[in-house]
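We count ligands from 1, going down the list as the structure has it; atoms in each ligand are counted the same way.
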Amino acid sequence: MNTVTLPSVSGKLTPNAPLAPLVWFKSGGAAQWLFEPKDLADLQAFLRDLDPSVPVMALGLGSNLIVRDGGVPGVVVRLGKAFAKVTKCADLTLDCGAGASGILVSSTARDEHISGLEFLRSIPGTVGGFVRMNGGAYGGEVKDVLIDCDVVRRDGSLHTLSVAALHYTYRHSELPEGAIVVAARFKGQPGEPAAIQAEMDRIAESREASQPLRSKTGGSTFKNPAGHKAWQLVDEAGCRGLTMGGAQVSEKHTNFLLNLGNATSADIEGLGDEVRRRVKDKSGVELEWEIQRVGRK
Ligand SMILES: Cc1cc2nc3c(=O)[nH]c(=O)nc-3n(C[C@H](O)[C@H](O)[C@H](O)COP(=O)(O)OP(=O)(O)OC[C@H]3O[C@@H](n4cnc5c(N)ncnc54)[C@H](O)[C@@H]3O)c2cc1C
């Protein structure tokens, strides 16, 4: 497809763009095309004029993603600065660009005296990823604070979707296939900046103690099955520290997989599948991947 002429853009369009440097696992192949739109109009025009048969996917910080070693066919869209602003738009409500980080959202909320968004401080992703994944931590979840979001569909049209339209369940939304979140409105409650900051600090410290935050990882690997904790099932199946190639089940938190240095995505995904097999043998429970796996093997 690299011989196909793509629509001209104002932003940056890169063929055969390595994705490993852009994702937390630091592994995997290239995007056939990487598109970093200049602004919303650029993104809409590009999608409108792009051959509808070309697949498109959004990439945030790649903190919940295995990009397979054969790379991602079609266009990967990465939202930059133009989509990273966070501003107060109504009472206790923030308008957040989909490229904004959780830290920016929670610290802007603090400055605007809005509590209830502290949990986003600890999730290392973008607003687009949070909305898509129903990100949550420390008792908070996107579905509880989201009012609505703006999405650009595969044909370039812009729509506002209410939280109800996303039919959220645990770490899952029914975001329409190929839709790219470009902005979201989050609402909290009145709060005092000092108390909000104290809660953000508490969350950050608790994270530090329990998760391998400075590693090449993808966050929680498996969803918690009803009535179980995934990390406990993995531990009971004897998988703590298990390795495959350059990949390892974290000793610190058994629901995290690590790239020890030179793991391929096949090592990481293969290790995850081996863990699922062992957990099924030991406990009868089938673990479901939380990490999104994309591209060709
Ligand atoms: C150390 C660590 C700790 C973590 N802790 C938590 C936690 O406590 N709670 C939690 O919920 N998650 C956690 N995660 C996982 C991850 O941070 C979240 O899933 C986050 O929402 C992913 O955001 P992202 O922008 O990096 O998305 P990516 O990983 O880049 O993508 C994830 C999915 O979202 C889609 N996506 C991304 N941006 C958009 C967009 N603009 N429009 C449409 N779809 C989009 C992608 O196509 C993909 O399907 C953790 C990850 C790490 C590495």
Side-chain angles (χ1 to χ4, degrees), residues 19 22-26 28 31 34-37 40 43 47 55-67 72 74-80 82-84 96-105 118-144 146 149-154 159 161 166 168 170-184 203-204 206-208 210-224 230-231 250 252-253 255-259 268 289-295:
L19 292 177
L22 305 181
V23 302
W24 267 63
F25 270 124
K26 302 289 175 244
L34 179 68
F35 177 36
E36 297 163 278
L40 179 58
L43 175 62
L47 291 176
V56 172
M57 75 159 256
L59 174 67
L61 295 182
S63 57
N64 206 216
L65 208 58
I66 293 174
V67 172
V72 179
V75 178
V76 172
V77 176
R78 192 158 175 260
L79 304 177
F83 297 87
C96 308
S101 68
I103 293 186
L104 181 61
V105 176
E118 295 88 342
F119 71 98
L120 292 175
R121 157 73 181 81
S122 65
I123 312 181
T126 63
V127 166
F130 302 153
V131 170
R132 163 80 162 76
M133 299 298 299
N134 188 18
Y138 297 92
E141 246 183 340
V142 158
K143 74 171 177 48
D144 302 326
L146 183 70
C149 64
D150 298 334
V151 302
V152 176
R153 295 223 192 199
R154 180 59 187 78
H159 303 261
L161 301 179
L166 292 166
Y168 277 124
Y170 175 64
R171 301 290 175 269
H172 178 79
S173 71
E174 289 183 12
L175 192 69
E177 188 63 32
I180 296 181
V181 179
V182 290
I203 286 173
S206 160
R207 280 273 144 153
E208 191 70 42
S210 62
Q211 293 185 356
L213 297 182
R214 263 164 278 287
S215 306
K216 298 171 188 170
T217 180
S220 293
T221 309
F222 305 110
K223 299 181 182 186
N224 285 324
W231 73 264
S250 167
K252 191 170 184 180
H253 191 311
N255 198 23
F256 278 55
L257 301 180
L258 307 177
N259 174 358
I268 298 166
W289 282 93
E290 179 171 324
I291 291 180
Q292 305 293 301
R293 288 144 301 129
V294 297

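- Against a heavy-atom cut-off of under 4.0 Å, Thr126 is close to the following atoms of ligand 1: 23 (O), 24 (P), 25 (O).
- With a 4.0 Å cut-off on non-hydrogen atoms, Leu175 touches ligand 1 through its side chain and not its backbone.
- Remark: side-chain polar atoms of Ser250 are not paired, donor with acceptor, to backbone N or O of Phe256 under 3.5 angstrom.
- For a threshold of 3.5 Å applied to N or O pairs, the pair formed by Ser122 and ligand 1 contains no separation below that value.
- Of the protein's non-hydrogen atoms, the one nearest atom 46 (C) of ligand 1 is Ala58 O, 3.2 Å.
- The backbone N or O of Asn134 lies less than 3.5 Å from a partner atom in the side chain of Arg171, making a donor-acceptor pair.
- Atom numbering of ligand 1 starts at 1 in the shown order; those under 4.0 Å from a heavy atom of Gln211 are 3 (C).
- At distances below 3.5 Å, at least one donor-acceptor pair connects side-chain atoms of Thr221 with backbone N or O atoms of Asn255.
- Look at Arg207 and you'll find a heavy atom under 4.0 Å from some atom of ligand 1.
- Remark: the backbone N or O of Arg132 is paired with a side-chain donor or acceptor of Ser173 at under 3.5 angstrom.
- In terms of polar-atom proximity, Ala98 is not counted as a contact of ligand 1, lacking any N or O under 3.5 Å from an N or O of the ligand.
- When only interatomic distances are considered, the shortest N/O to N/O separation between Asn134 and ligand 1 does not fall below 3.5 Å.
- Counting atoms of ligand 1 from 1 in the listed order, those under 4.0 Å from a heavy atom of Leu61 are 24 (P), 25 (O), 26 (O), 30 (O).
- Distances below 4.0 Å separate heavy atoms of Gly219 from the following atoms of ligand 1: 2 (C), 50 (C), 51 (C), 52 (C), 53 (C).
- Regarding atom 35 (C) of ligand 1, its nearest protein heavy-atom neighbour is Arg132 CG, 3.5 Å.
- The shortest side-chain heavy-atom distance between Ile291 and Ile268 does not fall under the 4.5 Å cut-off.
- Using a 4.0 Å heavy-atom cutoff, Pro124 is listed among the residues neighbouring ligand 1.
- Here Phe130 has heavy atoms under 4.0 Å from ligand 1 in both its backbone and its side chain.
- Taking atom 9 (N) of ligand 1 as the reference point, the nearest protein heavy-atom neighbour is Gly136 O, 2.6 Å.
- Inclusion of Asn64 in the set of residues having an N or O under 3.5 Å from an N or O of ligand 1 is warranted.
- Listed by atom number, the atoms of ligand 1 under 4.0 Å from Ala137 heavy atoms are 8 (O).
- With Arg154 contributing its side chain and Gly178 its backbone, the two residues share no donor-acceptor pair below 3.5 Å.
- At a 4.0 Å heavy-atom cut-off, ligand 1 touches Ala179 through the backbone alone.
- The atoms of ligand 1 that sit less than 4.0 Å from any heavy atom of Leu213 are 1 (C).
- Between Leu146 and Ala184, the shortest heavy-atom contact is CD1-CB, 3.7 Å.
- In terms of polar-atom proximity, defined here as any N/O pair under 3.5 Å, Ile180 makes no such contact with ligand 1.
- Under the 4.0 angstrom criterion for non-hydrogen atoms, Phe119 is not in contact with ligand 1.
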* Please step through side chain to side chain contact (heavy atoms under 4.5 Å, CB included) for the pair Val142 and Leu166, ending with a clear verdict. => CA-CA 11 Å; Val142 158; Leu166 292 166; over 6 Å; no

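- The contact set between ligand 1 and Gly135, taken as ligand atoms under 4.0 Å from a residue heavy atom, comprises 11 (O).
- Under the 3.5 Å distance criterion, the side-chain polar atoms of Thr126 are left unmatched by any main-chain donor or acceptor of Ala100.
- Checking each of Leu19, Val77, Val72 against Leu59 for a side-chain contact (heavy atoms from CB on, under 4.5 Å) leaves exactly one that passes, namely Leu19.
- Taking both residues in full, the closest heavy atoms of Met57 and Leu65 are given as CE-CD2, 4.1 Å, listed atom of the first, atom of the second, then distance.
- Using a 4.5 Å cut-off on side-chain heavy atoms (C-beta onward), Leu43 and Phe35 make contact.
- Applying the 4.0 Å criterion to heavy atoms of Met133 picks out, from ligand 1, the atoms 19 (O), 33 (C).
- The protein heavy atom nearest to atom 18 (C) of ligand 1 is Ile123 CG2, 3.9 Å.
- A donor-acceptor contact shorter than 3.5 Å is absent between the side chain of Glu141 and the backbone of Gly139.
- Note: no N/O pair closer than 3.5 Å links Phe256 and ligand 1 by distance alone.
- Residues Met133 and Gln292 have side chains in contact (heavy-atom distance under 4.5 Å, counting atoms from C-beta outward).
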